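The structure appears right after this line, and notes come after that.
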Number of protein chains: 2
Amino acid sequence: MKKAAKRAAGLHRASLTKLHDLDAALELMYYGWRGMTLTADQYLATLGLSRPHHRILYVVARQPDISIGSLIEILGISKQAVNRPLNLLLQRKLLTSKRSPEQHRSKLLRLTEAGKQIEQRASGYERKVLREAFDRVGPPGAAAWMAVMGVIADNN
Amino acid sequence: MKKAAKRAAGLHRASLTKLHDLDAALELMYYGWRGMTLTADQYLATLGLSRPHHRILYVVARQPDISIGSLIEILGISKQAVNRPLNLLLQRKLLTSKRSPEQHRSKLLRLTEAGKQIEQRASGYERKVLREAFDRVGPPGAAAWMAVMGVIADNN
DNA sequence: CTCTCAGGTCAATATAGTTGACGTTAGAAT
DNA sequence: ATTCTAACGTCAACTATATTGACCTGAGAG
């Protein structure tokens, strides 16, 4: 994803004929997702990490001592899919896994300091994009955005 | 993506501790994307198609006689990545490619009737989700949503 | 003390993308 | 006219992210 993609996303966002009045909204959802995540992904790529790693870091940051099983449930992907990125993060010492003395059945995950820093920076890039957009429309607009997204997100 | 994913997306959407005030918005963007595309993806899967096929159908529907090169530019992926899904669609006769007599250099793509129907139905599922959300908040809310997404999408 | 089941790992496969190498065609510059 | 170049397009090999299936381990229930 370099020059061509960038150009396409920027240039052609409004270039397609709209067959329906909601086509513009459809396309905004697509490019919005990319717009929010692009800078964070670029940062992560410099560290040899990507979206799945970030998602793991994000969740563990917000729920320390989470078990792998719970993590899987939140991420909504198979435990096998979690395995590889998780092991990379452990190996890189961005998070730790320990078994508690009593609950010997599951491992408890926590971020290390290095892991926290990366998580904060990556998520920070995403929040920055959102913040700028919200600032542009003011609190009522931000609230409306949240309301719309909430309804859409409920279609899961 | 079946029971576990569904449960995760629905149940855990609000369950994580929020470290920042924009965390909720961040998560809404993630689950919103899934919420909008889920039903369409399920429909496409019954036909043995998926998101890249839909994206091609979507663009060609809105720009008939588009060349493969322009398609690539709009999609923002490499021509090699377009090749496989494109060939499947041609083979299934959901779209046609012809070379114009004078412009022999590029192929011109068009949807067949079958392709149009699938495109309309798949995109229709996505528009339905958006329409319901917009109806819930009214035109000003919808406009605010569009404004916010426009700013976010510009970060490409 | 054994049976079951959740937690966790390994192996094989599918899908969507990448880069590299290469053939074809149109148009420009000798 | 001939050749050079660049765009268009295809094929092959590889990477990353997911999937399902098979299996091991250990806690707790009977």
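Not measured: the values here are computed from a predicted model. Lettering of chains follows the sequences in order, A, B, ..., and the numbering in each one begins at 1.
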Can you tell me the distance, in whole Å, between the CG atom of B:L86 and the P atom of D:dC11? 12 Å

To the nearest angstrom, the CG-P distance between A:N87 and C:dA11 comes to 13 Å

Would you kindly give the CD1-to-P distance between A:I72 and D:dT20, to the nearest whole Å? 13 Å

Let me know the distance between CG of A:L71 and C1' of C:dG8, rounded to the nearest Å. 13 Å

Test of understanding: with side-chain hydrogen bond (donor to acceptor under 3.5 Å, both in side chains), list the residues that count as partners of A:D23, not counting sequence neighbours. B:R62, B:R127

Closer than 4.0 Å, any side-chain N/O of A:S78 to the OP1 or OP2 of D:dT19? yes

Pick the closest DNA chain D nucleotide for B:R84 and for A:Q80 by heavy atoms, then say which residue is nearer the 5' end. B:R84

Nucleic acid contacts - residues 48-69 of chain B versus DNA chain D, non-hydrogen atoms under 4.0 Å: B:I68, B:G69

Residues forming a side-chain hydrogen bond (donor to acceptor under 3.5 Å, both in side chains) with A:T37, sequence neighbours excluded: none

Calculate the interatomic distance between A:N83 atom CG and C:dG7 atom C1'; express it in whole Å. 12 Å

Using whole Å, what does the distance between atom P of nucleotide D:dA16 and atom CG of A:L88 come to? 11 Å

Please give me the minimum heavy-atom distance between A:A147 and B:V137, naming the atom from each residue. CB-CG1, 3.9 Å

What pairs with B:Y58 under ring-ring contact (aromatic ring centres under 6.0 Å, His included), at least two apart in sequence or on another chain? none

Counterpart residues, side-chain hydrogen bond (donor to acceptor under 3.5 Å, both in side chains), relative to B:E132 (two or more places apart): B:K128

Between the side chains of B:H20 and A:S123, does any donor sit under 3.5 Å from an acceptor? no

Donor-acceptor contacts, no H, no angles, side chain residues 84-95 of chain A, under 3.5 Å, sequence neighbours left out:
residue : atom : partner : partner atom : Å
A:N87   : ND2  : A:N83   : O            : 3.4
A:N87   : ND2  : A:N83   : OD1          : 2.7
A:R92   : NH1  : A:L47   : O            : 2.9
A:R92   : NH2  : A:L47   : O            : 3.1

Rounded to whole Å, CG of A:D41 lies from C1' of C:dG17 at a distance of 14 Å

Distance test, side-chain N/O of A:K107 to OP1/OP2 of D:dT25, below 4.0 Å: no

Atom pair distance, as rounded to whole Å: NZ in B:K79 and C1' in D:dA12: 14 Å

